Amino acid sequence: MSAWWRDAVLYEVYVRSFMDSDGDGTGDLAGIRSRLPYLRDLGVDGLWLTPFYPSPGHDHGYDVSDYVDVDARFGSLGDFDALVADAHELGLRVVVDIVPNHTSSEHPWFRNAIADPQHPDRARYVFRPGRNGGPPNNWTSAFGGPAWSLDEASGEWYLHLFAPEQPDLDWHNPQVRRDFEDVLRFWLDRGVDGFRIDVAQALFKAPDLHDVEEPSPRTWHVDWHTGVGQPELHTLYERWRELVDGYDGDRILVGEIVLGDQATIAQYVSPGRLHLAFNFALLHEAWDAEAMRDVVDRTRAALEPIGAAATWVFENHDVTRLPTRYGGGRDGLARARAAMLLLLALPGTAFLYQGQELGLEEVELADELRQDPIFFRTNGARPGRDGCRVPLPWTREPPAYGFTSGTPWLPMPETWSDGSVAAQEGDPDSMLTLTQRALSRRPDGPFSWLESAPGTLVFRRRDTICAVNVDAVELPLPGGELLLASAPGVVDSLPPNTAAWVRAPEGATT
Ligand code: GLC
Ligand code: MG
């Protein structure tokens with residue numbers, strides 16, 4: 001029997017925006033726990049929780065000040081245990097986020113490092129003297145601006161690939177490696193089913209910290225040329241794999257490897273290393289049949305020879321919502337619905353981001369509401385990621401749509417009533433129902449392309465054919481039983497921006 005994670009569907013819960021239980025306007029663990037039946041009914045295999053650890057919140061939890069506790073705004077360790085217990089009871093796995101590249105600047109280690117340059121904790125970070133009155137090298141932060149900030153008291157600079165409030169750890173320091181093994185064990189002992197490793201390709205930096213020309217302007221997802229992706233990573237992940245495999249229950253390591261080159265990604269998931277790596281290639285492609293076919297081919301070509309499972313991602317908390325990326329409005333939504341059938345038919349593990357099943361669009365926020373450090377560090381040149389992080393609408397009633405009894409931490413659009421869970425549940429034509437139906441009958445088995453016209457994608461998994469008309473005039477459907485279509489009214493052919501699953505008649509070859 002193949003391991004569960006090789007063809008699972010994991011649902012990303014952005015903790016502060018899923019469900020609020022205590023009226024403070026911020027989602028929390030008890031809120032998530034109360035909505036686990038929704039996830040079970042949706043039909044996913046498990047959830048990935050974004051960071052809920054104590055954090056000053058400069059990057060909404062990706063700046064951790066204590067790796068082995070729960071931030072009071074999200075609940076307590078008791079709430080976490082109850083959430084895991086309930087999830088397991090419902091047959092849902094729980095994967096947690098771990099943020100090893102950097103701590104919060106409020107972490108006691110960094111406070112010690114700043115308070116006293118002789119303190120042993122200083123060596124957990126990357127402090128260096130400057131060069132010609134400026135930073136030690138030319139590296140830039142993924143959030144804009146230089147990757148170094150000056151520690152005025154000592155005159156040295158410290159490295160932060162993200163915000164200054166997120167100082168990078170020095171993974172060449174064995175103490176750092178030992179500490180994180182303890183962190184992994186802490187959560188494994190509490191029953192988590194695995195970890196999503198934040199910025200997994202960046203932990204080790206080239207020891208000489210040499211200058212590198214990065215493309216400018218920096219975008220979120222360009223391959224990182226800065227001296228990351230060091231070979232030491234593979235030894236580290238082999239060690240982590242042993243550690244995780246030492247536990248029962250088939251627990252997993254999923255790396256956030258922000259790279260476009262599939263062959264490089266493959267190195268991270270070769271035998272004995274990470275179980276899975278996010279594959280962001282589809283997430284960066286336009287609605288374009290040839291480009292998407294190419295992504296599928298390149299992914300399979302890199303992973304199949306080493307026996308690694310593919311993953312597919314169209315949305316997460318760092319990117320613009322899919323219907324908006326696909327042009328917005330009716331077409332954007334139609335394409336996102338078709339993409340859902342594509343996503344859930346591809347061979348491997350799929351990641352869904354909360355609200356993707358509702359077809360939510362990116363929210364336009366006024367500048368004064370924005371919170372993402374990207375917006376501030378680029379002086380507004382990059383709007384940042386707040387627009388995909390607006391809380392979920394559960395009921396039809398504005399302004400908070402059942403998300404909270406208080407005021408949501410980001411305002412929710414006045415137009416979200418029809419997109420809410422309550423409005424979509426039970427509606428045979430809604431995106432929520434489409435997602436549910438697709439999840440209840442995901443195809444499996446070997447994958448093969450079937451010949452089809454330009455602008456279309458047609459492939460087969462055992463007896464199920466997935467047909468996607470991206471932008472051809474019309475795509476006639478193969479004979480057989482129509483299992484599911486992304487738009488109402490489909491009978492035997494697909495207009496552009498639609499997809500369908502068809503059960504091929506017994507013995508048919510196309
Ligand atoms: C990852 C997270 C992102 C965060 C960054 C820094 O890419 O997905 O949200 O800002 O790491 O931790
Ligand atoms: Mg709350």
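All values derive from a computational prediction rather than experimental measurement. Along the sequence shown, the residues carry numbers beginning at 1.
- For the pair L342/F459, a side-chain contact is recorded, criterion being any heavy-atom separation below 4.5 Å from C-beta on.
- No side-chain donor-acceptor contact under 3.5 Å links D427 and S430.
- With respect to the salt-bridge test (charged N to carboxylate O, under 4.0 angstrom), the residues R396 and D418 qualify.
- No salt bridge links D20 with R73; every basic N to acidic carboxylate O contact stays at or beyond 4.0 Å.
- Panel note: side chain R441, backbone L483; a donor-acceptor pair is recorded below 3.5 Å.
- Residues T50 and F18 form no side-chain contact, since every pair of their non-hydrogen atoms from C-beta on lies 4.5 Å or further apart.
- Side chain of Q166 to backbone of Y62: a donor-acceptor contact under 3.5 angstrom is found.
- Nearest heavy atom pair, residue T498 against residue A487, reads CG2-CB, 3.4 Å.
- The distance between the ring centers of W416 and F403 does not fall below 6.0 angstrom.
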Check the pair V99 / D63 against side-chain contact (heavy atoms from CB on, under 4.5 Å), numbers first and verdict last.
-> CA-CA 8 Å; V99 189; D63 47 327; over 6 Å; no
Go through L344 and L439 one step at a time and tell me if the side-chain contact (heavy atoms from CB on, under 4.5 Å) criterion holds.
-> CA-CA 7 Å; L344 296 178; L439 282 165; 4.0 Å; yes
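- The line from CG of L92 to CG of L10 is 10.0 Å long, rounded to the nearest 0.5 Å.
- Checked by atom type and distance alone, the side chain of T456 never pairs as donor or acceptor with a backbone atom of N469 at under 3.5 Å.
- In this structure, Y38 and Y11 have perpendicular ring planes: the angle between them is above 60°, well past the 30° mark.
- Between N497 and R330, the closest side-chain pair of non-hydrogen atoms is not below 4.5 Å.
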Apply salt bridge (charged side-chain N to carboxylate O under 4.0 Å, His left out) to R385 and D59, showing your working.
-> CA-CA 11 Å; R385 303 160 291 177; D59 189 20; 3.1 Å; yes
Check the pair L161, V199 against side-chain contact (heavy atoms from CB on, under 4.5 Å), reporting the backbone distance first and the verdict last.
-> CA-CA 10 Å; L161 294 184; V199 208; 5.6 Å; no
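- Relative to the six-membered ring of W449, R293 meets both conditions, a distance below 6.0 Å and an angle of at most 45° to the axis.
- A side-chain contact (heavy atoms from CB on, under 4.5 Å) with D66 is found for one member of S55, P54, S104 and no other, namely P54.
- The backbone N or O of E165 lies less than 3.5 Å from no partner atom in the side chain of H102, so there is not a single donor-acceptor pair.
- Between Y353 and W48, a ring centre-to-centre spacing not shorter than 6.0 Å is recorded.
- Listed here is the closest heavy atom pair of P164 and S105: O-CB, 4.3 Å.
- Evaluation of the ring-ring contact (aromatic ring centres under 6.0 Å, His included) rule for W409 yields H60 as partners, not counting sequence neighbours.
- Taking each heavy atom of V390 and P411 in turn, the nearest pair found is CG1-O, 3.7 Å.
- Residues P100 and L169 have side chains not in contact (no heavy-atom distance under 4.5 Å, counting atoms from C-beta outward).
- Taking the ring-ring contact (aromatic ring centres under 6.0 Å, His included) definition, one finds that Y14 meets it with H317, sequence neighbours left out.
- Between the side chain of R382 and the backbone N or O of I374 there is no donor-acceptor pair closer than 3.5 Å.
- With rounding to the nearest 0.5 angstrom, the CG atom of L259 is 11.0 Å from the CG atom of N279.
- Of the possible donor and acceptor atoms, none in the side chain of S21 sits under 3.5 Å from a partner among the backbone N and O of A30.
- Of the inter-residue distances, the one linking D69 atom CG with F52 atom CZ reads 9.5 Å to the nearest 0.5 angstrom.
- Considering every non-hydrogen atom in both P146 and H160, the closest pair reads O-CE1, 3.4 Å.
- Residues R190 and V84 approach most closely at O-CG1, 4.1 Å, considering heavy atoms.
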Go through the steps to decide whether M19 and I32 satisfy the test side-chain contact (heavy atoms from CB on, under 4.5 Å), and finish with yes or no.
-> CA-CA 6 Å; M19 178 66 200; I32 297 167; 5.6 Å; no
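- Remark: the backbone N or O of A147 is not paired with any side-chain donor or acceptor of S141 at under 3.5 angstrom.
- In this structure, the separation between CZ on R35 and CG on L47 is 14.5 Å, given to the nearest 0.5 Å.
- Side chains of D79 and V70 form no contact here, defined as non-hydrogen atoms less than 4.5 Å apart.
- Residues satisfying the ring-ring contact (aromatic ring centres under 6.0 Å, His included) criterion with F74, sequence neighbours excluded, are absent altogether.
- For D97, the salt bridge (charged side-chain N to carboxylate O under 4.0 Å, His left out) partners are R196, not counting sequence neighbours.
- The side chain to side chain donor-acceptor pair (under 3.5 Å) search around R33 returns D86, not counting sequence neighbours.
- In terms of heavy-atom proximity, G419 sits nearest to P393 at O-CG, 4.3 Å.
- Considering CD of E106 and NE2 of H58, their distance stands at 6.0 Å, rounded to 0.5 Å.
- Q354 is listed as a side-chain neighbour of S17, based on a closest heavy-atom distance under 4.5 Å.
- In this view, Y326 and W287 satisfy the ring-ring contact (aromatic ring centres under 6.0 Å, His included) rule, not counting sequence neighbours.
- Considering only heavy atoms from C-beta on, Q356 comes within 4.5 Å of M340 through its side chain.
- Under the 4.5 Å side-chain criterion, counting only non-hydrogen atoms from C-beta, V468 is not in contact with L341.
- For the atom pair CZ (R442) and CG (L484), the distance works out to 13.0 Å, reported to the nearest 0.5 Å.
- Ring to ring, F278 and F351 are close: their centroids are under 6.0 angstrom apart.
- For E361 (side chain) and G328 (main-chain N/O), no donor-acceptor pair under 3.5 Å exists by modelled atom type.
- Not a single donor-acceptor pair under 3.5 Å links the side chain of R93 to the backbone N or O of G46.
- Of the possible polar contacts, none joining the R460 side chain to the I465 backbone as a donor-acceptor pair under 3.5 Å is found.
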